[in-house]
Novice: 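Below: one structure in structure tokens.
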Number of protein chains: 4
Amino acid sequence: MDEHRTGPRRSEQARLAVLGAAAELLARTGYENLTIEAIARQAGVGKQTIYRWWPSRGAILAEALLEGLIFRQELAVGDTGDLRRDLTDWVERVHAVLATDQGRALFRALLAAAAENPELGELLRVQLGADGGVRARLAASGEAGPAAGVADEVADAIAGVIILRALSGQAPAAGSAAALIASLLPG
Amino acid sequence: MDEHRTGPRRSEQARLAVLGAAAELLARTGYENLTIEAIARQAGVGKQTIYRWWPSRGAILAEALLEGLIFRQELAVGDTGDLRRDLTDWVERVHAVLATDQGRALFRALLAAAAENPELGELLRVQLGADGGVRARLAASGEAGPAAGVADEVADAIAGVIILRALSGQAPAAGSAAALIASLLPG
Amino acid sequence: MDEHRTGPRRSEQARLAVLGAAAELLARTGYENLTIEAIARQAGVGKQTIYRWWPSRGAILAEALLEGLIFRQELAVGDTGDLRRDLTDWVERVHAVLATDQGRALFRALLAAAAENPELGELLRVQLGADGGVRARLAASGEAGPAAGVADEVADAIAGVIILRALSGQAPAAGSAAALIASLLPG
Amino acid sequence: MDEHRTGPRRSEQARLAVLGAAAELLARTGYENLTIEAIARQAGVGKQTIYRWWPSRGAILAEALLEGLIFRQELAVGDTGDLRRDLTDWVERVHAVLATDQGRALFRALLAAAAENPELGELLRVQLGADGGVRARLAASGEAGPAAGVADEVADAIAGVIILRALSGQAPAAGSAAALIASLLPG
DNA sequence: ACGTAAACGAGACGGTACGTCCGGTCTTTCA
DNA sequence: TGAAAGACCGGACGTACCGTCTCGTTTACGT
């Protein structure tokens, strides 16, 4: 029982133009100024093409995030064999992003989007924890890691602190990354 | 150098009507549908009265938060003398709020507002950490508490986890509050 | 020099489906809501099939009119030998059509189409004057008819009055058909 | 029992700007290209201002017609004392308008509007018959005029012929004005 | 008490964006 | 290669709010 259909297929070019435009405008103007019309204009696409394929602004951003068009390498955890050091490095790298106006604005915009879109919220949590590798490293860390059963709590705590700092706009103190990791992974 | 002026002073009644309307509409319709016109309508107030006294939606919500019109008692930490127990209780209480549709929606709406309004973000952090008493209790806890110098990290981690869970819509597992506190306050 | 060509020829079925759909929709929804997409949908035809064969909505309606799918027998003049009586009968019959909501709406829709489409305008005039037989009867009427050289004026006047009444929505007074003919064909 | 209301009154400036823009655009682009957005743009007015005060495009045009912004002096009947001559002159003047591309296009646009808007249709009939003075002159003409009781028929016939000619795009033959009047006002 | 002036409710204004609909073109598959 | 299907870009629809700007009314001083 094939699905035989006639007519043109979805345009991959239009799809990517929309995602790219959304990512760029999000960084440039923030979430509340991210309008469908501006995305369409910037992407050179009709509005209907957006409404045909995405149910909401949040869904566009979720897809852009998954395509790696928003924050990609910034979120990968390195692996030197030393868990504490890797996580501290990672947190410091994220803090560095949040220290720039661009980076902080983009992160906050993403938060605003997530706060109004449950699926994007969950995706953001996953990307901030698991996909970057934090969760995996924690789970695999054995002796050196957190007590059994609390790996998820720790991963959430790290992601949570980062979100909170982005929200409150607080410049993290020097050494705060190390202090955070020390609190969470004592020993 | 007095300021001598004539005419009526600011109407406290109008002020409270606006704050109350904003708090109610936020809970009912979420942040992105929280319009100035709806607030004015609901409050029985002219739009100009709002624009005269508040610079943004975020400022209205910040004031409503400070007036205790949004989440008040939910956020106070008890004091039985046992720090771990008090914090676990508090986290569980907050989780209970997030488990209701109303509560989660309101919390997310507040997050959306905070993500688009730096001052409100900082205020939210303070209310979630310090004013509720978490930070104070941590700082005062001495031996039983976290290592010196990391009280702020721990307070941020607790608040952060809560925010993350609200964002991702994850129902926290039973016992997750205890696990979280255990991770952060080992011993 | 035959035209040898391969592939399917124009589908008569599609053509008639389009004309029928256009006629029905015109009566049902009026001219300004008569969209190409609705015609295609109603006819079970692709949009391109319409654009391939007709240059405009007006052209579709013109063809439908010529096929007799819009007002046919309503417009034929009878022949009892008495010109004045035949014309009066005819005008009264047209008035009766205009007295119904359906009939008036359809006539007005046709007028709207004609006003935006010169060819359809001319066609409407011809159908309302000549094809129905008015013009022919007038020209052939000899003594009893209008003064030589003004037959066209009289035919135009009769058609014009009918159009004007459709436009203004005026219910014609009883006896107005007779009065009109009396004015135009004195004696 | 005054009507006491507070707040700003309707802006006469905006009202006239809208009517003027509508009249100009009607002449320039025809009725089906006369969009609310274009009127608003041309008038320097918000769309909502138009939707607040007028229920339809037709209503705007009706008001513009009443304000004399579309065809004013073209439609006045002169008075030399000789009814036949005055009417012939008038019909010839209208024919002259219809002979220009501009004039014919504007007239047709008006017809299109009237065909989709009953009130405008009636207004057009009144303006074309009575307000221009045709009906009044006919009624007052006594002996020289049409038989008693058919003045309205004659006025409608004159207006109808003019409409029909505009619709069909027929260039009226030289002398056709005289022929028309002769048919209608014999003697 | 009386003027003056500010704050109030109401709401019109020029705008921007919404989400939907349609115009006309182009692309794909089938018959 | 005509036809059905339908995606595409463009752009108008009518609505909702934005933030600013009158209006007329209602206080609450200062004289």
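Per chain, numbering begins at 1; letters A, B, ... match sequence-line order.
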Novice: Just to confirm, is there a sub-4.0 Å distance from OP1 or OP2 of F/dC17 to any side-chain nitrogen or oxygen of B/R41?
Specialist: yes
Novice: Just compare F/dG14, F/dA12, E/dG19 and give me whichever is closest to any side-chain atom of D/I36.
Specialist: F/dG14
Novice: Rounded to the nearest 0.5 Å, what's the gap from CG on A/D101 to CG on A/L106? Could you check?
Specialist: 12.5 Å
Novice: Round to the nearest Å and state the distance from C/E37 atom CD to E/dT20 atom C1'.
Specialist: 12 Å
Novice: Verify the contact: side-chain N or O of A/W53 to OP1 or OP2 of F/dC8, cut-off strictly under 4.0 Å; return yes or no.
Specialist: yes
Novice: Nearest of E/dC13, E/dC21, E/dT25 to any side-chain atom of D/A14?
Specialist: E/dC13
Novice: Would you tell me if any nitrogen or oxygen in the side chain of C/R52 comes within less than 4.0 Å of OP1 or OP2 on F/dG2?
Specialist: no
Novice: For a quick test of reading the model, state the closest non-hydrogen atom pair linking C/E122 to D/S168 and the distance between them.
Specialist: OE1-CB, 3.2 Å
Novice: In whole Å, I'd like the distance from the CG atom of B/N33 to the P atom of F/dC18.
Specialist: 11 Å
Novice: Could you tell me the separation between the OH atom of A/Y31 and the CG atom of A/L111, rounded to the nearest 0.5 Å?
Specialist: 12.0 Å
Novice: Atom CD of B/E32 and atom P of F/dC17: how far apart are they, to the nearest Å?
Specialist: 12 Å
Novice: Under 4.0 Å: is that the gap between some side-chain N or O of D/R9 and OP1 or OP2 of F/dG24?
Specialist: yes
Novice: Without decimals, in angstroms, what is the distance between B/Q48 CD and E/dA6 C1'?
Specialist: 13 Å
Novice: Specify the residue among B/P8 and A/T6 whose closest nucleotide of DNA chain E lies further upstream toward the 5′ end.
Specialist: B/P8
Novice: Please tell me which of B/E12 and C/K47 maps to the more 5' nucleotide of DNA chain E, matching each residue to the nucleotide holding its nearest heavy atom.
Specialist: B/E12
Novice: What heavy-atom pair brings A/L120 and A/A113 nearest, and what distance separates the two atoms?
Specialist: CD2-CB, 3.5 Å
Novice: Please state how far atom OH in B/Y51 lies from atom C1' in F/dC21, giving the value in whole angstrom units.
Specialist: 13 Å
Novice: Is there a side-chain contact between B/R5 and the phosphate of E/dA7, meaning an N or O under 4.0 Å from OP1 or OP2?
Specialist: yes
Novice: Can you tell me if B/S11 touches the phosphate of E/dA7, counting only side-chain N or O atoms and a distance under 4.0 Å to OP1 or OP2?
Specialist: no
